[in-house]
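Here is the structure we will look at, set down as structure tokens.
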Amino acid sequence: MDEKKLNYRLLNVLLILGICFLFYNTIGLWKFVVDKAIAIISPFAIAFVIAYALYPLLLKLRNKGVRKSLALTFILVCIIGFFIIIISLLIPIIAEQLGALSGMILSFIQGISTKYNIDLNYIQENVTDINTLLNNYGKPISDFSFSFISSSISFLSKFIICFITSIYFLADMDNIRDKFKSYLKRKKKRTFNYFKRLDHEVSQYFVGLEKFMVIQFFEYTIIFFLIGHPYYLLLGVLCAVTTVIPYFGGLFSNIIACVTAFFVSTKLFVLTLIVAFVCPNIDGYIISPRVYGKTNNVPTLVTIFAVFAGGILYGIPGIVIALPSAIILIATYRFYEDDISDKIEEIKNQK
């Protein structure tokens, strides 16, 4: 009778193996479903993060007696104005740089032709004659243009959805936070305190980041204006935006500033080089500690590792979310530090 009994352990193992086999053979379908789900959810997730980051500013305006509708309008006008400034700065500079680049290429070809007595008229005609370029490379340019336009429309539609949704999230953030708090209060008190700690740490990070971005914009815009850099306003915006990437963002902005100054004059290049060495140290040792205070005290090595790991795993989005993720992990460890230590001691005593 015992021989006829089912071996449930073996049956469970076979069932798990069958599920793994089925999953492996349908992994393409699952990957497609997951990718589509991420593509649908990501604009709304980004919109919520933006709204959460702007909420301390909204709260501060309301605490000063500004009505919620006026505070929302002020934040909306600031965001739209920021993008208008960036677009109005970038388009003329890109057009100017493209014109300078084509002129430099043409001068280089003419110099080579004159110096070495080489007939490069055909190349010059192709460089100067737009119609010839379009005739010779019309199809690749057309294909690239179509792909670029399609990608631009897709990006623009996601950007508009993200922007509008973030405003709705921001307007309803009080209600969202109250519902989440009431839900947590029905759970364990320790869980509520944990999320309260996370909310404080992440909010402090965003408050400090927003202040630091404003300071960086005015600091570098004024400094580059005083030394005579032609792109002082654009560099000020770039330095402010790249603040979201610790250490490496400022390095990237200063490299751009030095490269553009190099093509203007030697004097401007030397002055920009001095700014690139002096200002980051002032930011790191004087301004940043005063803005962030003792909160979000993330060790330098942890920050660099988080940025590097985020870039390897998820590219630019990973770099942007690296520091907030590190802050959440460190806050989690510090909150449960005693529990973790007690558990380790308990395991040691069992041995």
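The chain is numbered in sequence order, starting from 1. These numbers were taken from a predicted model, which means no experiment stands behind them.
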Are any of the side-chain heavy atoms of F335 and R190 separated by less than 4.5 Å? yes
Only one of F225, F224, F217, Y220 passes ring pair (Phe, Tyr, Trp, His ring centres under 6.0 Å) with Y232, and that residue is F225
Under a 4.0 Å threshold between the charged nitrogen and the carboxylate oxygen, would D174 count as salt-bridged to K179? no
With sequence neighbours excluded, residues passing side-chain contact (heavy atoms from CB on, under 4.5 Å) with V214: F218
Do F48 and I176 pass the side-chain contact (heavy atoms from CB on, under 4.5 Å) test, and can you show the C-alpha distance, the side-chain angles, and the key distance before you say yes or no? CA-CA 11 Å; F48 180 80; I176 294 171; 4.2 Å; yes
Applying side-chain contact (heavy atoms from CB on, under 4.5 Å) to E210 and L57, what does each step give before you reach the verdict? CA-CA 9 Å; E210 289 160 9; L57 176 60; 4.3 Å; yes
Which Ile, Leu, Val, Met, Phe, Trp or Tyr residues join I312 in one cluster when any pair of side-chain heavy atoms under 4.5 Å counts as a link? F308
Locate the shortest heavy-atom distance separating T242 from F252; write the atom from each residue and the value. CG2-CD2, 4.2 Å
K267, NZ: over 12 other non-hydrogen atoms inside 6.0 angstrom: no
Side chain to side chain, R177 and D199, heavy atoms closer than 4.5 Å: yes
Which atom of A306 lies closest to which atom of A322, heavy atoms considered: O-CB, 3.2 Å
Give the minimum heavy-atom separation between A71 and V66, together with the two atoms involved. N-CG1, 3.7 Å
Would you mind reporting whether F74 and C78 have side-chain heavy atoms less than 4.5 Å apart? yes
Side chain to side chain, V202 and Y52, heavy atoms closer than 4.5 Å: yes
Strictly distance-based, threshold 3.5 Å: is any side-chain N or O of K68 a donor or acceptor partner for the main-chain N or O of A171? yes
Check: V275 and L271 side chains under 4.5 Å, non-hydrogen atoms: no
What distance do I46 atom CD1 and C162 atom SG have between them, rounded to the nearest 0.5 Å? 5.5 Å
Verdict with supporting geometry, L184 and Y194, side-chain contact (heavy atoms from CB on, under 4.5 Å): CA-CA 10 Å; L184 289 175; Y194 166 67; over 6 Å; no
For Y205 and V244 the tightest heavy-atom approach is OH-O, 4.3 Å
Once rounded to the nearest 0.5 Å, what's the spacing between atom CD of Q216 and atom OG of S253? 8.5 Å
Counting distance only, does the side-chain N/O of D172 pair as donor-acceptor with the main-chain N or O of Y168 below 3.5 Å? no
L58 versus M173: any side-chain heavy-atom pair under 4.5 Å? no
Is there a chain of hydrophobic side chains (I, L, V, M, F, W, Y, each step under 4.5 Å between heavy atoms) that links V49 to I161? no
Measure the CG-CG distance between L54 and L72 for me, rounded to the nearest 0.5 Å. 10.0 Å
Would you please say whether a donor-acceptor pair under 3.5 Å links the side chains of H229 and T260? yes
In the single-linkage hydrophobic clustering (I, L, V, M, F, W, Y; side-chain heavy atoms under 4.5 Å), do F192 and Y336 co-cluster? yes
Distance col, row I84:CD1 vs I80:CD1, nearest 0.5 angstrom, shows 6.5 Å
With a 4.5 Å cut-off on side-chain heavy-atom distances among I, L, V, M, F, W and Y, is there a chain of contacts connecting F277 to F262? yes
Does D178 reach the side chain of Y183, with side-chain heavy atoms less than 4.5 Å apart? no
For the aromatic rings, using the six-membered ring if either is Trp, is the centroid distance between F44 and F169 under 6.0 Å? no
If you group Ile, Leu, Val, Met, Phe, Trp and Tyr by side-chain heavy-atom gaps below 4.5 Å, do I321 and F305 land in one group? no
With rounding to the nearest 0.5 angstrom, report the OG1 to CG distance, T221 to L235. 8.5 Å
Validation row: R197, N193 side chains within 4.5 angstrom (heavy atoms): no
Can you check whether F206 and Y55 have ring centres sitting under 6.0 Å from each other? no
Quick one: pull up OG1 in T165 and CD1 in I50 and give me the separation to the nearest 0.5 Å. 9.5 Å
